[in-house]
Amino acid sequence: MKFKSFIESKKTAMVTFFISIFAAMLIFSMMHGFIYIDVVLFNGFCLTLCVLFLISIALNFALLVFNINNVKYKGISIKESKAYDVIICINIGFTVFFVIFDLVSLIISSETLYAIWLNFLKIAPVALTCVLLLFLVFFSSTLDNKKCKKIIATLLCVAIVLCGILSIFPVSIYKFVSSPIVLDRGDGYSIVFATTDDSIAYVEYQYGDETIVAYDEYNGKKNSSRIHSVYVPYEHLKGNSYKVVATRVIQELSYGGRLGKTISSSSFTFNAPEGDLEVLSISDWHTHNSKVYKAVEYLGDYNSVILLGDCAAGLNCQEEIIEYIIKLGGNLTNGSMPIIWARGNHETRGVEAKNLSRYLGLEEFYYTTQLGDVNFIVLDSAEDKEDSHPEYAGMNNFEGYRENMISWLETLPNDEGKYLVLSHDVELCIEEDLQERAFLKMEQIKVPLIIGGHTHELEYIDSDTIDKFVDGGHNNGIFVASKLTISGNNLSILSMDNKGNKIYENTLNNLFS
């Protein structure tokens, strides 16, 4: 009898209904994590999940209506039928299963928790509004207590007024997310920074006797976005100071719009390294910013940074780019030294992947640049599987992209000098013919070393032609970072993990001779 009274109680029906809604919202927020299952193992997996969760919500709602209103059929309460109890038990079982499924999915989706949380927050207002409307339509009339009705009516009025105010006046904190980053793009710098809300922005600095104001704009239209990128020539920034300024965009219309608060950063003094290089190397951090900072503490001072890609599982929203690239780079450099960026295979995934070059102010993800007297050739290994792999759902053409990149590489002059190649995957290309062409050209340029990551296992690979250094990155809860010190023709490597353990140390004498 206790079990029967439990499953038939109004409280159980109400709790089960709200749990089913919460579980559905959560699974919808995690849909991007099931792409591989959806396109490889079980085509239509995500759609099937959505249908099942919607059926569960509808069934829970129907049972709740029957329970609260004590619906009768042919003069007999439905709650008194055995079929009703059986349906409730089956429904509770389904709800428990969905909750367990959600929890397991959250555990195995640890690298995308930030994106899941943001997706959940986006759909929460709509879902809660629907629940409130359902309550008003079906349940408010069942309340006999006039005081309760007045309280509910008052709360609804307050909610409507608040929604109206919030739609007109933003109340969230508006600020810069972190210090800016200065990306070396090969023909100048891109100063990249982010705000907590959409804004228009510019970089301001003195050059000679002139005050330069450089806007983030496209063909005369100021860019309204959370992420901003402003081009500054090398000579304008060398040994100079700058600040970033942003104005909140509350509303952008076809004619006019409404702007909010303007914020200005403190002054950042930028110095490009000269003489000896002390280059911080970071690869495959996969959302573990805090572990990166800890490992870097043990490496000591540095005057430039290379980021070798794989910041997260994918780029499903702007926030992931802000949190795991801009914020990470800003905290590592405080906007005072150059960063060289090499794209990883996980930055080719997600709906924002196609916008990454624009966000970072890079024309291409392969280019050449120089720090001190060392020439860096940055290559983009892109995805690590063939374009026809079902995981990509027919949306990739990286074979053609790598063909263009290698053709570009072959046009570089065979000048004498110090050369290093940066690439997320030190193998460069999955196509054997393109790989052979790339290594042949690098031998002609006399490249002694390729620096990369991708495997999550630190390794130095000796070769008769071109050596390879694979940085450690994140593996089994441990993150490994490295510092490359280049003095004259010698290069020293020191690698430390976030626990303070020395993982690798080596000095390569006469590497560039």
Acceptor/donor pairs from residues 487-494 side chains to any protein atom, 3.5 angstrom cut, sequence neighbours excluded:
unit_1 : atom_1 : unit_2 : atom_2 : d
Ser487 : OG     : Asp276 : OD1    : 3.2
Ser487 : OG     : Asp276 : OD2    : 3.4
Asn490 : OD1    : Asn510 : N      : 2.7
Ser492 : OG     : Thr507 : OG1    : 3.1

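- Relative orientation of the Tyr234 and Tyr189 rings is perpendicular, given thresholds of 30° and 60° on the angle between their planes.
- Remark: the Glu235 side chain and the Tyr207 side chain contain no N/O donor-acceptor pair separated by less than 3.5 Å.
- Judged by distance alone, the side chains of Ser179 and Asn334 do bring a donor and an acceptor atom under 3.5 Å apart.
- Glu443 is linked by a side-chain contact (heavy atoms from CB on, under 4.5 Å) to Thr465, Ile466, counting only residues two or more places apart in sequence or in another chain.
- Here Lys261 contributes atom NZ and Ile250 contributes atom CD1; the two are 12.0 Å apart, rounded to the nearest 0.5 Å.
- Among residues two or more places apart in sequence or in another chain, the ring pair (Phe, Tyr, Trp, His ring centres under 6.0 Å) test is passed with Tyr202 by Tyr215.
- Remark: the backbone N or O of Asp198 is not paired with any side-chain donor or acceptor of Arg226 at under 3.5 angstrom.
- Using modelled atom types, no side-chain atom of His286 and backbone atom of Cys311 make a donor-acceptor pair closer than 3.5 Å.
- Considering all non-hydrogen atoms of both residues, Pro180 and Phe268 come closest at CD-CZ, 3.3 Å.
- Residues satisfying the side-chain contact (heavy atoms from CB on, under 4.5 Å) criterion with Ser407, sequence neighbours excluded, are Glu403, Arg437.
- Under a cutoff of 6.0 Å and an axis angle of 45°, Lys418 and Phe512 form a cation-pi pair.
- Not counting sequence neighbours, Tyr504 has no partner by the ring pair (Phe, Tyr, Trp, His ring centres under 6.0 Å) test.
- Residues Ile486 and Leu420 form a side-chain contact, since some pair of their non-hydrogen atoms from C-beta on lies under 4.5 Å apart.
- Looking at Asn475 and Glu457, their side chains do bring a donor and an acceptor atom within 3.5 Å of each other.
- In this pair, Tyr460 and Phe469 present their aromatic rings tilted. The plane angle is within the 30 to 60° band.
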List the atom pairs, with distances to 0.1 Å, where a side-chain N or O of residues 378-388 and a protein N or O form a donor-acceptor pair under 3.5 Å, not counting sequence neighbours.
unit_1 : atom_1 : unit_2 : atom_2 : d
Asp380 : OD1    : Ala382 : N      : 3.0
Asp380 : OD2    : Arg343 : NE     : 3.0
Asp380 : OD2    : Arg343 : NH2    : 2.7
Asp380 : OD2    : Tyr401 : OH     : 2.6
Ser381 : OG     : Asp425 : N      : 3.1
Glu383 : OE1    : Arg349 : NH2    : 3.0
Glu383 : OE1    : Tyr392 : OH     : 2.8
Glu383 : OE2    : Thr348 : OG1    : 2.9
Glu383 : OE2    : Arg349 : NE     : 2.6
Glu383 : OE2    : Arg349 : NH2    : 3.4
Asp387 : OD1    : Phe398 : N      : 3.1
Asp387 : OD2    : Phe398 : N      : 3.0
Asp387 : OD2    : Glu399 : N      : 3.0

